[in-house]
Amino acid sequence: MTDSHRSIDEVRRAKADAWRAAGHLAFGNDPGELHPIATVSAAHKDHDVATLDRDHAGAEYRVAGRIIAMRDTGKLVFAKLRDGGGEIQLFLSAKELGATFALLKELDMGDIVMAVGRPMRTRAGELSIMVRSLRPLSKSYRPIPSEWYGLGEVETRYRQRYADMIANHPDVGDVFRARAIIVRALRAWFDERDFIEVETPTLQTMRGGANAKPFNTHHNALDMDLYLRVAPELYLKRLIVGGMDRVYEIGRVWRNEGISTRHNPEFTILEFYQAYATYEVLMGETEELVTDADAKLLARYPKYADGRSYSLARPWKRVRMLDAITDALERRAPALAAQWAKGEGLRAWEATREVFMAAEGLQKDHREYLRKCSAPGELVYALYELFAEHHLVEDYRTADGSQSVPVFVTDYPFDVSPLARKKDADKQAAQYGEGFPVTFTDRFELFVEGRELANAFSELNDPDDQAERFRAQLVNREKGDDEAMDFDADYIRALSYGMPPTAGFGLGVDRLVMLLTGQKSIRDVVLFPLLRPET
RNA sequence: GGGUCGUUAGCUCAGUGGUAGAGCUGCGGACUUUUAAUCCGUAGGCCGUGGGUUCGACCCCCACACGACCCA
């Protein structure tokens with residue numbers, strides 16, 4: 001069989017044998033102390049040919065990395081070498097390398113090699129290393145995807161992230177370096193303010209902390225069914241009871257739900273709890289936290305500011321849910337706005353619901369959603385979701401209208417906020433009038449560019465109130481709501497010791513990274529997103 | 001869950017109801033300043049899987065698998 005009939009794998013394994021025949025290992029190690037390519041490039045970036053020959057003729061560098069390009073012009077070969085932080089051209093001449101030059105024909109793109117030589121500049125002006133000695137380190141049996149065309153097949157990109165990172169260098173790597181910068185900035189923000197970072201259980205015996213379907217698992221030795229956590233919330237608040245007035249956790253949670261461009265079954269959440277603060281304090285802190293992370297990101301990667309359709313300029317918009325509904329209806333459904341009457345329509349909420357259910361163009365499942373509302377507070381949330389939420393990006397914009405602005409939607413109804421503190425009676429009366437048919441909570445969600453980024457509230461710390469809401473969750477479960485929480489008696493016990501007034505906050509870290517780096521899919525900010533098995 | 005689109009050489013993609021195509025990669029050769037090097041030669045395919053229609057299917061039909069996008 002001739003060479004041309006052999007597979008790439010066979011050819012490359014034969015070349016590995018040639019390395020061995022020349023006295024090398026196909027997978028050698030210990031190349032000695034290396035110079036990072038970036039430092040070599042930085043040291044000589046301003047030096048011209050004359051300067052290099054005159055002042056740096058004695059300099060010698062030892063570099064190692066992957067060969068990502070090779071151009072063979074006969075007795076002279078150009079190769080591009082990439083390590084974790086940079087790329088540099090190797091100038092490989094027959095005269096300089098002597099007998100080693102023959103080894104070049106046993107090299108392939110993708111191989112890992114070490115080279116020793118002095119800095120020089122080619123006729124075209126490119127800083128290169130005039131290689132004096134070359135040592136192969138690791139053989140690559142499989143061709144790297146074309147550098148020029150990249151690796152376009154998204155499935156392959158997610159399944160073989162390693163190939164994606166090689167082929168789509170540096171863009172893919174930059175997103176994950178950006179992610180690290182963002183997470184580090186979040187940590188720094190809390191650390192600088194004396195928050196304690198903690199790790200709470202991810203294996204939990206009860207469903208709680210968020211309304212979501214959990215993953216089930218089992219502990220064999222204890223013969224005990226467990227859930228992977230959907231939120232760390234209830235444990236973090238136990239720590240507040242214990243006296244950690246400021247705690248935060250950045251960790252993985254799992255929700256057994258659909259997969260989309262915004263949802264991966266496992267994702268990273270940031271939660272923090274601050275005793276003696278309120279949800280209003282947290283809005284200001286949220287602005288600081290996010291803009292601080294953004295500033296640190298842009299200091300390293302200014303490119304991520306390009307083409308943003310949103311502005312993070314402070315202060316951010318704050319709007320009560322009731323008013324968000326009013327704004328949205330007045331803009332695009334005046335007839336309904338009249339019926340809504342800035343929320344006054346809730347005083348006869350079932351009649352108002354009938355009007356909305358009859359609204360023109362309402363989808364059948366939306367109508368069904370409204371029909372299922374069994375309290376005016378549920379109706380408020382339903383109307384917000386159906387008529388206001390997906391218009392936030394249009395309704396709240398910079399003065400010149402060119403960019404959307406972040407929006408804190410505040411005052412969620414009690415009925416849809418099982419862990420949030422009920423608005424104090426005097427404040428509720430002052431803001432909504434005496435006897436308003438819906439009770440609101442001290443809660444906000446943050447939306448940027450129309451996407452939900454964070455959820456926060458003044459925490460419910462009355463154990464009797466909390467117990468009542470857990471019971472309401474059980475009723476929901478009876479009615480078939482498989483996202484409802486369990487009755488967590490230990491949590492009630494913790495609250496019974498007395499929890500200081502506290503505000504708590506949760507943020508989707510993956511979504512924050514998506515937002516700040518302009519990625520459209522969560523899979524572009526999760527290194528190894530969940531996919532069906534390969535067939 | 002619903003809809004639309006996609007799956008062809010290692011990679012990126014064309015393609016027509018009648019023997020399967022290009023560029024890059026690979027392999028052989030030339031070349032001591034290349035930058036997607038260039039030039040000459042050459043190899044490489046169960047056209048996602050399974051059924052069906054047809055004299056004949058990569059192409060038309062059905063189902064399935066996997067993926068992308070949109071909607072819920």
Side-chain angles (χ1 to χ4, degrees), chain A residues 1-15 18 49 52-53 67-82 87-98 101-102 104-111 117 119-131 139-160 162-164 166-169 213 256-264 361-370 372 382 385-386 389-390 450 519-524 529-535:
Chain A
M1 197 185 271
T2 66
D3 274 0
S4 64
H5 282 87
R6 295 186 302 172
S7 70
I8 287 174
D9 183 78
E10 288 169 324
V11 168
R12 290 191 169 202
R13 283 173 190 274
K15 288 180 179 177
V49 176
L52 286 171
D53 288 349
I67 297 173
I68 54 160
M70 250 202 304
R71 289 178 286 277
D72 180 354
T73 71
K75 301 256 179 349
L76 182 60
V77 175
F78 298 90
K80 180 144 291 182
L81 198 68
R82 174 194 294 165
E87 296 176 0
I88 198 163
Q89 180 166 269
L90 302 181
F91 187 98
L92 302 146
S93 86
K95 188 178 164 197
E96 187 83 9
L97 277 170
F101 191 77
L104 294 182
K105 72 178 199 308
E106 311 300 342
L107 288 184
D108 289 297
M109 280 202 272
D111 289 350
M120 52 95 61
R121 232 170 243 291
T122 63
R123 200 171 286 172
E126 179 163 351
L127 181 67
S128 308
I129 290 178
M130 168 74 83
V131 178
K139 188 63 196 164
S140 166
Y141 289 155
R142 190 181 280 266
I144 60 174
S146 155
E147 187 191 16
W148 180 250
Y149 290 103
L151 180 61
E153 184 74 27
V154 287
E155 182 183 350
T156 310
R157 290 191 45 220
Y158 299 142
R159 285 197 195 284
Q160 302 183 36
Y162 37 88
D164 182 31
I166 296 168
N168 294 316
H169 179 88
K213 287 180 212 168
N256 205 341
E257 293 161 2
I259 293 176
S260 78
T261 50
R262 289 176 301 282
H263 300 85
N264 194 56
L362 194 67
Q363 289 178 32
K364 194 178 165 189
D365 49 344
H366 291 168
R367 192 165 291 133
E368 194 53 34
Y369 180 24
L370 292 176
K372 280 185 182 160
E385 279 200 307
L386 296 184
E389 189 177 281
H390 49 280
Q519 302 302 307
K520 288 188 170 59
S521 170
I522 194 169
R523 288 172 173 174
D524 292 323
L530 183 68
L531 300 171
R532 283 190 170 82
E534 268 180 279
T535 49

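Here is the naming used below: chain letters follow the sequence lines, and residue numbers restart at 1 for every chain.
- G1(B) and C59(B) have their C1' atoms separated by 32 Å, with the value rounded to a whole Å.
- With salt bridges taken as basic N to acidic carboxylate O contacts below 4.0 Å, one links E87(A) and R82(A).
- Contact annotation: the side chain of K95(A) never approaches that of K75(A) to less than 4.5 Å [non-hydrogen atoms, C-beta and beyond].
- Closest-nucleotide positions on RNA chain B for L530(A) and R123(A) were compared, and the one nearer the 5' end corresponds to R123(A).
- Note on R71(A): a side-chain N or O is less than 4.0 Å away from OP1 or OP2 of A37(B).
- Across all strands shown, U33(B) forms no Watson-Crick or G-U wobble pair with both distances under 3.5 Å.
- The CD atom of E126(A) sits 12 Å away from the P atom of A37(B) (whole-angstrom rounding).
- Protein atom CG of N168(A) is 10 Å distant from nucleotide atom P of U12(B), rounded to whole Å.
- Checked by distance alone, T122(A) brings a side-chain donor or acceptor within 3.5 Å of a matching partner on the base of U34(B).
- Between the C1' atom of G28(B) and the CG atom of D72(A) lies a distance of 13 Å, rounded to the nearest Å.
- The separation of G10(B) from C5(B), taken at their P atoms, amounts to 28 Å, rounded to a whole angstrom.
- Looking at L92(A) and L76(A), their side chains never come closer than 4.5 Å, going by heavy atoms from C-beta outward.
- A straight line from CZ of F101(A) to P of C31(B) spans 11 Å, rounded to a whole angstrom.
- The partner of G56(B) is absent, by the rule that a Watson-Crick or G-U pair needs both atom distances under 3.5 Å.
- Using the Watson-Crick or G-U wobble rule with both distances under 3.5 Å, G26(B) pairs with U42(B).
- In this structure, M70(A) places its CE atom 14 Å from C1' of C27(B), rounding to the nearest Å.
- Atoms NZ (K105(A)) and P (A30(B)) sit 12 Å apart, rounded to a whole Å.
- Comparing M109(A) and S128(A) along RNA chain B, the residue whose closest nucleotide (by nearest heavy atom) sits nearer the 5' end is M109(A).
- Spacing between C11(B) and U4(B) at atom P, rounded to whole Å, works out to 29 Å.
- For the pair R367(A) CZ and A72(B) C1', the computed distance is 15 Å after rounding to whole Å.
- C70(B) and U49(B): their P atoms are spaced 29 Å apart (whole Å).
- Looking only at side-chain heavy atoms (C-beta outward), T261(A) and I522(A) stay at 4.5 Å or farther from each other.
- Distances were taken from every side-chain heavy atom of H366(A) (C-beta onward) to each of G26(B), U34(B), A72(B); the shortest belongs to A72(B).
- Residue-level contact check: D108(A) touches the backbone only, with heavy atoms under 4.0 Å from sugar-phosphate atoms and none from bases.
- Between L76(A) atom CG and A30(B) atom C1' there is a gap of 15 Å when expressed in whole angstrom units.
- With a cut-off of 3.5 Å on both pairing distances, U19(B) has no Watson-Crick or G-U wobble partner at all.
- Residue K15(A) has a polar side-chain atom (N or O) positioned under 4.0 Å from OP1 or OP2 of C27(B).
- Comparing the same atom, C1', in G29(B) and in U35(B) gives a spacing of 23 Å after rounding to whole Å.
- Of the C1' atoms belonging to U54(B) and C61(B), the separation is 12 Å, rounded to the nearest Å.
- Of all nucleotides present, only G67(B) satisfies the Watson-Crick or G-U wobble test against C5(B), with each distance under 3.5 Å.
- Spacing of P atoms, G2(B) relative to G48(B), comes out at 24 Å, to the nearest Å.
- A salt bridge does not link K520(A) to D524(A): none of the charged side-chain nitrogens sits closer than 4.0 Å to a carboxylate oxygen.
- Under a 4.0 Å N-O distance rule, the pair K15(A)/D111(A) does not qualify as a salt bridge.
- Each of U33(B), U35(B), G10(B) was ranked by its minimum atom distance to the side chain of P143(A); first place goes to G10(B).
- Across all strands shown, A14(B) forms no Watson-Crick or G-U wobble pair with both key distances under 3.5 Å.
- A distance of about 11 Å separates the P atoms of A43(B) and A22(B), rounded to the whole Å.
- Side-chain contact between Y369(A) and E385(A) is present, with at least one heavy-atom pair separated by less than 4.5 Å.
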